[in-house]
Amino acid sequence: KTDRETMKILFVDCDGVVNLDSTPLRHVPELNRYCCGIDKNLLQLLKVIVEKTDCRIVLTSTWRKKPSMLEYFKKNLEEAGILDHFEGCTLDFYPNNLSVKGRTDEIDQYLIKSSPEKYAIIDDANLHDIYYRANVLTMNNFFRINEKTGITAEDVEKIVAHLSCT
């Protein structure tokens with residue numbers, strides 16, 4: 001098998017997954033406002049998934065649309081010791097839209113390009129209800145994260161099991 005055929009991808013949203021409403025704010029110059037940063041404890045849970053499954057991280061969050069937010073995300077991955085697992089970002093089909101509109105289409109396109117062996121999507125938005133695409137968002141690949149808690153140890157356990165099963 002090629003590297004692509006054995007690759008595992010974790011599609012990651014940020015807000016509500018690696019941060020909470022209570023996470024300290026940081027200034028985002030492009031938006032000229034303050035936004036939630038990254039909760040280090042939640043990032044450590046993401047790190048557990050990466051270390052246990054050797055998956056690649058693909059950012060689906062609207063954070064990928066603003067250079068300072070993308071750099072901040074990557075800086076946090078580096079501080080956590082997992083930047084080498086950052087594969088990139090999904091394409092941006094709706095550049096002026098800072099919502100989840102089109103997220104499943106963008107993930108579909110990434111999957112066509114990369115053909116990973118396994119993948120998981122973590123997001124606090126109910127993508128099943130918003131923009132359902134049966135070939136991407138099966139119950140087996142989509143893990144909805146509770147925005148009030150962010151990613152939890154229980155979520156990590158399920159995602160690791162999913163990415164590890166043969």
Heavy-atom count check: over 12 atoms from other residues, nucleotides or ligands less than 6.0 Å from Asp21 CG?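 No, the 6.0 Å shell around CG holds no more than 12 heavy atoms from other groups.
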Should [X] and [Y] count as side-chain neighbours, where that means a heavy-atom distance under 4.5 Å?
X	Y	value
Val58	Leu10	no
Lys118	Ser164	no
Ile151	Ile122	yes
Val156	Ile159	no

Can you list everything that forms a side-chain hydrogen bond (donor to acceptor under 3.5 Å, both in side chains) with [X]? Sequence neighbours excluded, please.
X	result
Thr152	Asp155
Glu79	Lys40, Lys75
Ser61	none
Arg56	Glu87

Locate the shortest heavy-atom distance separating Gly16 from Ile145; write the atom from each residue and the value.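 Smallest interatomic distance, heavy atoms only, reads O-CG2, 3.5 Å.
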For the residue pair Leu91 and Gln109, what are the closest heavy atoms and their distance?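 Minimum heavy-atom contact is CD1-CG, 3.8 Å.
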For Glu147, give me all partners under side-chain contact (heavy atoms from CB on, under 4.5 Å), at least two apart in sequence or on another chain.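 Asp124.
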Kindly write out the residues that satisfy side-chain contact (heavy atoms from CB on, under 4.5 Å) with Leu70, not counting sequence neighbours, or none if the list is empty.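 Testing Leu70 for side-chain contact (heavy atoms from CB on, under 4.5 Å), a comparison that skips the adjacent residues, returns Leu59, Lys74, Phe86, Cys89.
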Inter-residue atom distance [X].[atom1] - [Y].[atom2], 0.5 Å rounding:
X	Y	atom1	atom2	answer
Thr53	Leu163	OG1	CG	5.0 Å
Ile107	Asn141	CD1	CG	10.0 Å
Leu20	Cys36	CG	SG	8.0 Å
Ile9	Ile121	CD1	CD1	10.0 Å

Run the side chain to side chain contact (heavy atoms under 4.5 Å, CB included) check on Phe11 and Tyr110 step by step: do they pass? CA-CA 10 Å; Phe11 291 98; Tyr110 201 95; 3.9 Å; yes
Between Asp123 and Arg103, does at least one N-O distance fall below 4.0 Å, as a salt bridge requires?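 Yes, charged N to carboxylate O under 4.0 Å.
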Check the side chains of Trp63 and Asp13 for a donor-acceptor pair under 3.5 angstrom, ignoring hydrogens and angles.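 Asp13 vs Trp63: no donor-acceptor pair found between side chains.
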Could you tell me which residues satisfy ring pair (Phe, Tyr, Trp, His ring centres under 6.0 Å) with His162, sequence neighbours excluded, listed by chain and number?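 His162 satisfies ring pair (Phe, Tyr, Trp, His ring centres under 6.0 Å) with Phe143 only.
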Could you check whether any side-chain N or O of Tyr72 sits under 3.5 Å from a backbone N or O of Ile38, counting only pairs where one atom can act as donor and the other as acceptor?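 At least one qualifying donor-acceptor pair exists.
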List the atom pairs, with distances to 0.1 Å, where a side-chain N or O of residues 41-52 and a protein N or O form a donor-acceptor pair under 3.5 Å, not counting sequence neighbours.
residue, atom, partner, partner atom, Å
Lys47, NZ, Ala80, O, 2.8

Residues two or more places apart in sequence or in another chain: which of them pass salt bridge (Lys or Arg N to Asp or Glu O under 4.0 Å) with Asp39?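 Here no residue qualifies.
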Should Glu106 and Thr60 be marked as a side chain to side chain contact (heavy atoms under 4.5 Å, CB included) after you check the CA-CA gap, both sets of side-chain angles, and the distance that decides it? CA-CA 8 Å; Glu106 294 160 350; Thr60 61; over 6 Å; no
Does Lys8 form a side chain to side chain contact (heavy atoms under 4.5 Å, CB included) with Asp54? I'd like the steps, not just the answer. CA-CA 7 Å; Lys8 298 169 187 171; Asp54 196 33; over 6 Å; no
Decide yes or no on side chain to side chain contact (heavy atoms under 4.5 Å, CB included) for Phe73 and Ile57, but give the supporting numbers first. CA-CA 11 Å; Phe73 179 73; Ile57 297 169; 4.2 Å; yes
